[in-house]
2 protein chains.
Amino acid sequence: MTVRKLADAIEYSPPTIYEYFDNKDAVLSEVVQNGFTELTREMQSAGGQSTVPEEQLLAVGLAYYRFAKAQPELYRIMHGMGGVPLDARVVAVNAQLAGAVSQGVLHNWAVKNAVQLDELEASELLWSTLHGLTILGASNRLEGGDERTERLIARAVRDFLTAWRVQGV
Amino acid sequence: MTVRKLADAIEYSPPTIYEYFDNKDAVLSEVVQNGFTELTREMQSAGGQSTVPEEQLLAVGLAYYRFAKAQPELYRIMHGMGGVPLDARVVAVNAQLAGAVSQGVLHNWAVKNAVQLDELEASELLWSTLHGLTILGASNRLEGGDERTERLIARAVRDFLTAWRVQGV
DNA sequence: GAATAAATCTAACGCTGTTAGAAAAGAGGT
DNA sequence: ACCTCTTTTCTAACAGCGTTAGATTTATTC
């Protein structure tokens with residue numbers, strides 16, 4: 001994506017872009033912002049399909065991966081791959097996203113299973129695992145392709161819950 | 001990093017670079033290659049400090065993170081952030097790296113604890129978690145800075161082993 | 001319709017990766 | 001030492017990039 005191509009696509013000259021955005025990074029920040037909004041919505045929607053916390057967590061994880069798989073270029077930009085550095089605003093949205101996962105589903109699971117939970121720590125760990133699997137899966141660096149990556153995600157979620165149930169806080 | 005700056009640094013003119021490399025990506029591929037070689041060496045060295053599989057695994061994980069933290073720009077390039085697409089060669093090296101972790105340490109742990117282990121699956125899961133935590137930690141997207149990230153890594157490794165011990169293959 | 005404000009353009013600057021072709025440096029033979 | 005040939009290195013240039021200054025067109029208001 002270049003400023004000139006963007007200008008071409010909307011049938012304006014390049015400088016017109018700069019009437020609405022400070023620079024190219026500002027344009028992409030907007031894209032990133034929208035991306036996170038959409039991703040969050042899809043995750044929440046996926047989680048809402050069930051009322052069983054374990055199922056919700058798996059659904060959320062799969063939604064995360066499928067989003068990355070469906071729009072790999074967007075996902076790349078959203079996470080600072082592709083040369084666009086993340087600014088503070090984007091990081092804030094990120095944290096909010098992690099929070100959305102933890103606050104809702106993890107909390108429900110904890111009370112239901114009478115497990116003491118450091119919600120922040122738990123959500124960050126789960127999020128990291130999902131993020132790692134997603135990056136590797138979406139860039140085809142895991143054997144066995146799509147279904148296998150989804151199975152790995154399922155296993156990761158299950159392992160995560162097992163560990164917390166056994167070890168607690 | 002630009003071709004002209006590289007040429008300046010070695011006190012040659014830009015076209016000279018193209019006598020030794022096909023293009024800029026080829027130069028960076030070389031850098032990535034060397035990066036993975038060094039990372040693998042550091043992980044193996046860290047693992048060799050102990051003979052207890054649990055400790056080895058933690059040491060390997062921390063070495064992975066510390067490498068990324070010490071040379072964030074290199075780590076970024078190594079994983080396709082910064083606009084350089086990964087080619088097949090690099091992915092192969094990646095798989096080899098994951099293999100190095102699993103083949104050695106995980107196998108020892110499994111026989112010692114009489115746990116049935118899908119080594120590939122286990123190593124990919126562990127690797128993904130490490131990768132995710134490292135990316136988020138090295139780009140300061142986890143609360144609490146460096147020590148906390150290392151504690152999260154320790155917890156992740158412990159959780160990983162707990163889950164496999166409890167659930168097995 | 002003239003004057004002002006807003007939107008958009010053309011032209012240019014300095015940067016990038018890359019290539020063609022000239023110049024310089026080195027090697028071998030007489 | 002000189003000429004020839006090969007290898008190495010350079011200068012100059014092209015097309016594309018993000019970005020800015022300043023002119024020009026379009027819209028708004030009296």
Side-chain angles (χ1 to χ4, degrees), chain A residues 1-39 68 70-94 135 138-141, chain B residues 1-39 68 70-94 135 138-141:
Chain A
M1 188 278 214
T2 75
V3 172
R4 279 179 168 84
K5 278 176 192 161
L6 173 60
D8 250 38
I10 60 177
E11 293 189 309
Y12 280 92
S13 67
T16 305
I17 308 278
Y18 292 84
E19 296 294 321
Y20 300 92
F21 296 93
D22 279 358
N23 46 43
K24 184 187 176 182
D25 279 9
V27 178
L28 287 172
S29 275
E30 195 78 20
V31 173
V32 168
Q33 200 88 341
N34 293 343
F36 275 112
T37 302
E38 190 191 334
L39 173 56
Q71 300 179 266
E73 197 58 34
L74 175 57
Y75 186 81
R76 285 177 58 82
I77 294 172
M78 283 166 64
H79 290 92
M81 322 184 210
V84 193
L86 300 160
D87 64 351
R89 233 181 14 169
V90 172
V91 174
V93 177
N94 258 3
I135 286 181
S139 60
N140 296 314
R141 284 193 273 170
Chain B
M1 187 277 215
T2 75
V3 172
R4 279 178 169 84
K5 278 176 192 162
L6 172 60
D8 251 36
I10 60 176
E11 294 191 307
Y12 279 92
S13 67
T16 305
I17 308 277
Y18 291 84
E19 295 293 322
Y20 301 91
F21 297 93
D22 280 358
N23 47 44
K24 184 187 175 181
D25 279 9
V27 178
L28 287 172
S29 274
E30 196 78 21
V31 172
V32 168
Q33 199 88 343
N34 294 344
F36 274 113
T37 302
E38 189 190 333
L39 173 57
Q71 300 179 265
E73 198 57 34
L74 175 58
Y75 186 82
R76 285 178 60 83
I77 294 172
M78 283 166 63
H79 290 92
M81 321 183 210
V84 193
L86 300 161
D87 63 351
R89 232 181 15 166
V90 173
V91 175
V93 177
N94 258 4
I135 286 180
S139 61
N140 297 312
R141 283 193 274 169

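Within every chain, numbering begins at 1; the chains are lettered A, B, ... in the order of the sequence lines, protein sequences first and strands thereafter.
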### Task
Can you tell me the distance, in whole Å, between the CZ atom of B:Phe21 and the C1' atom of C:dT19?
18 Å
### Message
Working to the nearest 0.5 angstrom, can you tell me the gap between A:Lys24 NZ and A:Ile17 CD1?
### Response
11.5 Å
### Query
Quick one: A:Lys24 NZ to C:dC15 C1', roughly how many Å, whole number?
14 Å
### Message
If I take atom CD1 from residue A:Ile135 and atom NE2 from residue B:His79, how far apart are they, to the nearest 0.5 angstrom?
### Response
8.5 Å
### Query
If each of A:Glu19 and B:Pro15 is mapped to the nucleotide of DNA chain C with the nearest heavy atom, which maps nearer the 5' terminus, i.e. the 5' end?
A:Glu19
### Task
Could you state the atom-to-atom distance from CD1 of A:Ile17 to C1' of C:dA7 in whole Å?
14 Å
## Note on the structure
Rounded to whole Å, OH of B:Tyr18 lies from P of C:dG21 at a distance of 18 Å
### Summary
When rounded to whole Å, the CD1 to C1' distance for the pair A:Ile10 and C:dA7 reads 13 Å
### Query
Taking CZ from A:Arg4 and C1' from C:dA11, how many angstroms apart are they, rounded to a whole number?
11 Å
### Summary
Whole-Å distance, A:Tyr12 OH to C:dC9 C1', equals 12 Å
### Task
Evaluate whether atom OH of B:Tyr12 has more than 12 neighbouring non-hydrogen atoms of other residues, nucleotides or ligands under 6.0 angstrom away.
no
### Task
Looking at every strand, decide which applies to A:Thr2 at a 4.0 Å heavy-atom threshold: base, sugar-phosphate, or nothing.
sugar-phosphate
### Query
Nucleotide range of DNA chain D contacted by chain B, 5' to 3', under 4.0 Å to a heavy atom?
D:dT9 to D:dA13
### Task
Look up atom CE in B:Met78 and atom CD in B:Gln33, then write down how far apart they are to the nearest 0.5 Å.
10.0 Å
### Query
Which pair of non-hydrogen atoms, one from B:Arg4 and one from B:Pro14, has the smallest distance, and what is that distance?
CG-CG, 3.8 Å
### Task
Please work out if A:Tyr20 contacts a base, only the sugar-phosphate, or nothing of the nucleic acid, heavy-atom cut-off 4.0 Å.
sugar-phosphate
### Task
Compare all side-chain heavy atoms of B:Met1 with those of B:Glu73 and state whether any distance is below 4.5 angstrom.
no
### Task
Would you kindly give the CE-to-P distance between B:Met1 and C:dC15, to the nearest whole Å?
18 Å
### Task
May I ask you to test the A:Tyr20-A:Val27 pair for a side-chain heavy-atom distance under 4.5 Å?
no
